[in-house]
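These figures come from a predicted structure and were not determined experimentally. Each ligand, and each atom within it, is numbered from 1 in the order the structure gives.
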Amino acid sequence: MNPNIAAKGFVDVKISATLNLFEEIKRLKKEKNAIILAHYYQDGDIQDIADFVGDSLGLSQAAAKTNADIILFAGVHFMAETAKILCPDKKVILPDMRAGCSLAESCLPAEFAAFKAQHPNHLVISYINCTADIKALTDIVCTSSNAVQIVNSLPKNQAIIFAPDKNLGAYVRKVTGRTNMILWDGACMVHEIFSIEKIQHLMQQHPNAQLLAHPECEAHILDIAHFVGSTTAILNYAKKSDCNAFIVATETGILHQMMKDSPTKTFIPAPPNNGCACNDCPHMKLNTLEKVYNTLLYELPEIHMDETIRVKAELGIRKMLDLSAQLGL
Ligand code: 13P
Ligand code: SF4
């Protein structure tokens, strides 16, 4: 049977309630020589069944070196697309094709090409959270783990376009002291939802807690953070720190690994500026263990890509991976 995924974007086949999904997923992985790469923003059960859980840099590095025939990417579309760019001969599958990214969607290729044309002589550095079309217009891709180091590796007088995240871009510009760096006006809906007033109130209630923030957050949040870093950097910081309590300003999925790594420490999700759980990424959270199972079973939905775009997009990602290896990242 080949289920039709066009209407819904995922395999909507009912699964027997008696099936042990963990065991079945393990069995299918082995049978098909498949691996599951999962981002820290995935639900805990998906992280627990994954072969590798990481930040965007770690996940690209894992995709680049895998010998598996199938990569199931438990993350969002641009992540699975990046794996496909790096592994064109492998089958890359994503549990839900609708798992997009507000940040990637804030940078459309035609507009970005026009912006680029207005700024000749600028080197384009794009955050990995963008579409393959934007990567194809990019000189060097970066992640939140290596953006500062990549910019620092360039000559001081090099003019730069940084896209698509204005918050990460502003943070990199501040840390590197670059004045000749212009920013695309994009942002992540999850990292812009935090309330500074509520965070400050929490900090007063927990005076010994440290604020850990992802650089996709707005500058006023980063300015009061004790530590700013990628998801992996935040995790490592919390693990090694002598501090026992943390307020975490990034997507809530990361708390699963934080609590696994440091079960005696307290992790408090930074509150959003409204009453709902808006610091859950609605795109990441479209993936479920049931969809992971069906995706592996039917090998659908699969990522396909125009080869001309793929080849162009690969250049900037390979430059990032090479630079990261040279920089020991
Ligand atoms: P990192 O895990 O690379 O820090 O990225 C965070 C993110 O927003 C991914 O969508
Ligand atoms: Fe995109 Fe933000 Fe969700 Fe990450 S958390 S996938 S940047 S919308």
Open item on the list: Any N/O/S atom from His191 (main chain or side chain) under 2.8 Å of atom 2 (Fe) of ligand 2?
Closed with: no

I'd like to know if [X] pairs up with [Y] as an ion pair, taking the criterion as any Lys NZ or Arg NE/NH1/NH2 lying under 4.0 Å from an Asp or Glu carboxylate oxygen.
{"X": "Asp96", "Y": "Lys8", "answer": "no"}
{"X": "Glu314", "Y": "Arg310", "answer": "yes"}
{"X": "Asp133", "Y": "Lys312", "answer": "no"}
{"X": "Lys29", "Y": "Asp51", "answer": "yes"}
{"X": "Glu81", "Y": "Lys135", "answer": "no"}

Task: Ser144 touching ligand 1 at heavy-atom level, < 4.0 angstrom - done: yes

Open item on the list: Tell me whether ligand 1 is touched by Glu251 - counting only heavy atoms on the residue side and a distance under 4.0 Å.
Closed with: no

TODO: Would you indicate whether the side-chain heavy atoms of Asn33 and Ile70 approach each other to under 4.5 Å?
DONE: no

Task: Within-4.5 Å side-chain heavy-atom neighbours: Asp43 and Lys285 - done: yes

Contact partition for [X] relative to ligand 1, non-hydrogen atoms under 4.0 Å:
{"X": "Thr143", "result": "neither"}
{"X": "Tyr40", "result": "neither"}
{"X": "Asn129", "result": "side chain"}

Open item on the list: According to salt bridge (Lys or Arg N to Asp or Glu O under 4.0 Å), who are the partners of Lys166, at least two apart in sequence or on a separate chain?
Closed with: Asp185

Look at [atom] and say which protein heavy atom is nearest, naming residue and atom and giving the distance to 0.1 Å.
{"atom": "atom 7 (S) of ligand 2", "result": "Asn129 ND2, 3.2 Å"}
{"atom": "atom 3 (Fe) of ligand 2", "result": "Cys281 SG, 2.4 Å"}
{"atom": "atom 4 (O) of ligand 1", "result": "His214 NE2, 2.7 Å"}
{"atom": "atom 1 (Fe) of ligand 2", "result": "Cys101 SG, 2.3 Å"}

Atoms of ligand 1, numbered as shown, that sit under 4.0 Å from any heavy atom of [X]:
{"X": "Ser230", "result": "4 (O)"}
{"X": "Met79", "result": "9 (C), 10 (O)"}
{"X": "His39", "result": "1 (P), 2 (O), 5 (O), 6 (C), 9 (C)"}
{"X": "Glu216", "result": "6 (C), 7 (C), 8 (O)"}

Task: Stepwise side-chain contact (heavy atoms from CB on, under 4.5 Å) check, Phe246 with Ser241 - done: CA-CA 10 Å; Phe246 303 92; Ser241 169; 3.8 Å; yes

Task: N or O contact, Asp55 vs ligand 1, cut-off under 3.5 Å - done: no

Open item on the list: As an exercise, identify every atom of ligand 2 less than 4.0 angstrom from a heavy atom of Cys188.
Closed with: 2 (Fe), 5 (S), 7 (S), 8 (S)

- [ ] Enumerate the atoms of ligand 2 whose separation from the nearest heavy atom of Ser102 is less than 4.0 angstrom.
- [x] 8 (S)

Open item on the list: Checking the side chain of Asp45 only, and the main-chain atoms of Leu289 only, is there a donor and an acceptor separated by less than 3.5 Å?
Closed with: no

Task: Full working for salt bridge (charged side-chain N to carboxylate O under 4.0 Å, His left out) between Lys265 and Asp242 - done: CA-CA 10 Å; Lys265 296 187 179 180; Asp242 292 334; over 6 Å; no

Task: Test item, His39 contacting ligand 2 (heavy atom, 4.0 angstrom) - done: no

